[in-house]
Trainee: 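What follows is a single structure, and I will ask about it in a moment.
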Amino acid sequence: MPSLCRRILVAAMDAPASEAVEVPATRRETAPEDIQQLRGLRADVARLNGALVQAAIRVREANNFDLHSVVEAAINDNKELGRSIDKVLRRLT
């Protein structure tokens, strides 16, 4: 994309083509260690979700409905985080 922008700008300014420096695109290969770390993170998120569910149960049993709604929101956020990690893992593997 940067190279394309340079070519367009050089053409628009009627500058010599030598001023349009080509920069090769770089692509970072995903290392197996990166995937393993993501899988570990996904497992941590799952464990956190279990702990949040237990917290929601205890808070509900204590009739603390204000705190219960906060914990339920955290559960939903945590699940969304897990789905996001799953998408990245599917894309990388």
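Values in this document were obtained by computation on a predicted structure and should not be read as measured data.
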Trainee: Any salt bridge (Lys or Arg N to Asp or Glu O under 4.0 Å) pairs touching residues 73-93, not counting sequence neighbours?
Mentor: R42-D86, E80-R83
Trainee: Could you work out the complete set of other residues in the hydrophobic cluster of I35, with links drawn between I, L, V, M, F, W and Y side chains under 4.5 Å apart?
Mentor: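 Its cluster mates, by chain and number, are L38, L41, V45, L81, I85, V88, L89, L92.
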Trainee: Give every residue pair that meets the side chain to side chain donor-acceptor pair (under 3.5 Å) criterion with at least one member in residues 53-65, sequence neighbours excluded.
Mentor: Q54-R58
Trainee: When you look at R39 and T93, which way does the side chain to side chain contact (heavy atoms under 4.5 Å, CB included) test go after all the steps?
Mentor: CA-CA 11 Å; R39 287 182 177 147; T93 56; 3.6 Å; yes
